[in-house]
Amino acid sequence: MDQNTPKESVKENVKEARAREPVRVALVVLALCFTLSVLGRGLGDSFTVFLKPISESFGWDRAQIVSVYSLTWLASGLTAPFVGRLFDHSGPRSVYALGLLLLGAAFLIAAHAQHLWQLQLSIGLCVGIGVAFIGIVPNSILLGRWFGPRLPTAMSVVYSAMGGGVLALLPVSQILIDHVGWRSTYQIFGFAALGLLFPLLLLPWRMFASGSPHIVKKTGPDVVDDGWTLARATRHHAFWALFSTFFFTAVGMYAIAAQIVAYLIDAGFPPLQAATAWGFSGVVLVFGMLGVSALDGVIGRRPSVLLSYAISILGIFLLWLLQYGPNTILLTGFVVCFGSMMGSRGPLISATAMKIFRGKRVGTIYGTISIGSGLGSAFGSWAGGLIHDATGGYNLLLAFALASVVLGMIPFLVVPALRR
């Protein structure tokens, strides 16, 4: 008996090590998805800092320059279903590598732009597509293979990367622009994205793509295929309810977000303070994301989502008050309220979609629903630019954003599938 004890002990240690291995790999995959989301979201939203210097450099009006930002999120949203299909066909390595390649090339081209269409093509279309290739759709599919029923929690972590990207890259962008100009800053971004391509290709993608054996083999009720197809889903009221929620919420939030740094500068704040303040929304977004997700388990999904909309509306009101003077208290209140809710609803809405339309085609269905977010982001930022140019101010723009946010909230008030 004593002779067998060491062997049995070794076997038990090996079993424990094998049992812990999927957990370690899952955490590595989560960290990777978080990092890619930080990079993608930060590079995409960095244009809010470039808006004013580029506009002043070329003498373009606000609607013209905001059209670049609009195209970024339009391209990102429209690309989402294609990204999901490519992910299933070619795997994560090809998808993520293509995303970094597009981002790197786009910023290098933008550094030499002389005409609006060149920025629309590079920063608008190519950056938008690149962000989609390293963004929430491929990340959610990959994380689903490792976290299974815990996917909403994992997605909350990845969604919080939106804040991390804004926090990290907006102040850095402003500092670089102040020291070397916007063209050289775009060159730095381009070389940085391409520099990350090589280490990305060396990662163990076959292991990452295989998923956790516990999730892959699981056949419990949480992963039953309900037989949803995209055609069938589009005939269900929940599909269009979620689509409209994504669309109108994005319209309201991005009508403001696209011009927020310029707005704060016009209100009297120094450029670096304006960029840093909005960048700090990345910090409060993490707390907002975790707070709303925690409330989901305490008071339920619908009350949590409605509370997040109420806080966003309060943030818009505080922003409206800021136009009367650079008040630091009001600025802090705006950043906390509006910034913390900027993407806090995303994990809950995404989890709702994946619960309703669960099955083998949930990635395609979710990717199609997320088109609403891309369309809303594009339309909101573009319409905001037009409204600013037409009125010469921000009052009508803020009213437009407020109405859109309210419309985004309505499905959770009236649609039966979202009220449960």
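Quick caveat: nothing in here was measured; it's all calculated off a predicted structure. This chain uses plain numbering: 1 for the first residue, then up along the sequence.
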Item to check | Interatomic distance, Leu98 atom CG to Phe133 atom CZ [nearest 0.5 angstrom] | outcome: 4.5 Å

Checklist entry - Do the non-hydrogen side-chain atoms of Thr276 and Gln174 ever get within less than 4.5 Å of each other? => result no

Next on the checklist: So, taking the atom named CH2 in Trp182 and the one named CD1 in Ile54, what distance separates them when rounded to the nearest 0.5 Å?
Outcome noted: 4.5 Å

Next on the checklist: Under the criterion side-chain contact (heavy atoms from CB on, under 4.5 Å), I'd like the reasoning laid out for Trp73 against Asp45: C-alpha separation, chi angles, the key distance, then a yes or no.
Outcome noted: CA-CA 10 Å; Trp73 300 116; Asp45 273 334; 3.6 Å; yes

Item to check | Sub-4.5 Å side-chain heavy-atom contact between Trp228 and His236 | outcome: yes

Next on the checklist: Do Leu100 and Leu194 make a side-chain contact, defined as non-hydrogen atoms from C-beta onward lying under 4.5 Å apart?
Outcome noted: no

Checklist entry - Between Ser244 and Ala241, is there a donor-acceptor pair closer than 3.5 Å when you use the side chain of the first and the backbone of the second? => result yes

Next on the checklist: Can a donor-acceptor pair be found, under 3.5 Å and without considering hydrogens, that links the side chain of Ser46 to the backbone of Leu43?
Outcome noted: yes

Checklist outcome for this item: Nearest heavy-atom contact between Ser373 and Phe246 is N-CB, 3.6 Å

Item to check | Separation between CG of Leu78 and CG of Leu375, rounded to the nearest 0.5 Å | outcome: 5.5 Å

Next on the checklist: For Asp61, is there any backbone N or O sitting under 3.5 Å from a side-chain donor or acceptor partner on Gln64?
Outcome noted: yes

Item to check | Val83 side chain reached by Val95 side chain, heavy atoms, under 4.5 Å | outcome: yes

Taking only distance into account, with no hydrogens and no angle test, what donor-acceptor pairs under 3.5 Å do side-chain atoms of residues 306-316 form with protein atoms, sequence neighbours excluded?
from	atom 1	to	atom 2	distance (Å)
Ser308	OG	Val305	O	2.5
Ser308	OG	Arg345	NH1	3.2
Tyr309	OH	Thr249	OG1	2.6
Tyr309	OH	Gly408	O	3.2
Ser312	OG	Ser308	O	3.2
Ser312	OG	Arg345	NH1	3.2
Ser312	OG	Arg345	NH2	3.4

Next on the checklist: Looking at every non-hydrogen atom in both residues, tell me the closest pair between Pro171 and Leu272 and how far apart they are.
Outcome noted: O-CD1, 4.4 Å

Next on the checklist: Using the rule given for side-chain contact (heavy atoms from CB on, under 4.5 Å), can you reason through Val137 versus Ser370, listing the C-alpha separation, both sets of side-chain angles and the distance that settles it, and then say yes or no?
Outcome noted: CA-CA 9 Å; Val137 172; Ser370 68; 4.1 Å; yes

Checklist entry - Going by heavy atoms in the side chains, are Ile65 and Phe58 under 4.5 Å from each other? => result no

Checklist outcome for this item: One should read off an interatomic distance between Ser304 OG and Ile299 CD1, to the nearest 0.5 angstrom, of 4.0 Å

Checklist entry - Out of curiosity, Leu319 CG to Leu402 CG, how far, rounded to the nearest 0.5 Å? => result 11.5 Å

Next on the checklist: For Phe107 and Phe189, take the angle between the two ring planes, folded into 0 to 90°, and tell me which bin it lands in: parallel under 30, tilted 30 to 60, perpendicular over 60.
Outcome noted: perpendicular

In residues 334-343, what donor-acceptor pairs under 3.5 Å come from side-chain atoms, sequence neighbours left out?
from	atom 1	to	atom 2	distance (Å)
Ser340	OG	Val336	O	2.4
Ser340	OG	Cys337	O	3.3

Checklist entry - Is there a donor-acceptor contact under 3.5 Å from the side chain of Thr72 to the main chain of Ile123? => result yes

Checklist outcome for this item: Sequence neighbours excluded, the answer for side chain to side chain donor-acceptor pair (under 3.5 Å) partners of Ser70 is Ser381

Item to check | Considering all heavy atoms, the nearest Trp278-Ala257 contact | outcome: CZ2-CB, 4.2 Å

Checklist entry - Excluding sequence neighbours, so at least two apart, what forms ring-ring contact (aromatic ring centres under 6.0 Å, His included) with Trp320? => result Phe317, Tyr324

Item to check | Criterion side-chain contact (heavy atoms from CB on, under 4.5 Å) on Thr48 and Leu51, from CA distance to verdict | outcome: CA-CA 5 Å; Thr48 59; Leu51 184 149; 5.8 Å; no

Next on the checklist: For a 4.5 angstrom cut-off between non-hydrogen side-chain atoms, does Leu322 reach Tyr263?
Outcome noted: yes

Item to check | Distance in Å, Ser94 OG paired with Leu201 CG, rounded so as to fall on 0.5 Å steps | outcome: 9.0 Å

Item to check | By side chain to side chain contact (heavy atoms under 4.5 Å, CB included) - contacts of Leu396 (at least two apart) | outcome: Ile387, Thr391

Next on the checklist: So which atom in Ile356 and which in Ala238 form the shortest heavy-atom distance, rounded to 0.1 Å?
Outcome noted: CD1-CB, 4.0 Å

Item to check | Ring geometry between Trp205 and Phe208 (parallel below 30°, tilted from 30 to 60°, perpendicular above 60°) | outcome: perpendicular

Pairs of donor and acceptor atoms involving the side chains of residues 109-120, under 3.5 Å and at least two apart or interchain, shall be tabulated with distances.
from	atom 1	to	atom 2	distance (Å)
Gln118	OE1	Gln114	N	2.5
Gln118	OE1	His115	N	3.0
Gln120	NE2	Ser67	OG	3.0

Checklist entry - Counting only N and O atoms by type, is there a donor-acceptor contact under 3.5 Å from the side chain of Ser404 to the main-chain atoms of Phe400? => result yes

Item to check | Heavy-atom closest pair, residues Val131 and Gly40 | outcome: CG2-O, 3.4 Å

Item to check | Student check: side-chain heavy atoms of Phe50 and Val68 closer than 4.5 Å | outcome: no

Item to check | CA sep, side-chain torsions, deciding dist, call: Tyr96, Asn139, side-chain contact (heavy atoms from CB on, under 4.5 Å) | outcome: CA-CA 10 Å; Tyr96 290 132; Asn139 289 337; 2.6 Å; yes

Item to check | Gln259 side chain reached by Val66 side chain, heavy atoms, under 4.5 Å | outcome: yes

Checklist entry - Between Cys126 and Ala106, which heavy-atom pair has the shortest distance, and what is it? => result CB-CB, 3.6 Å

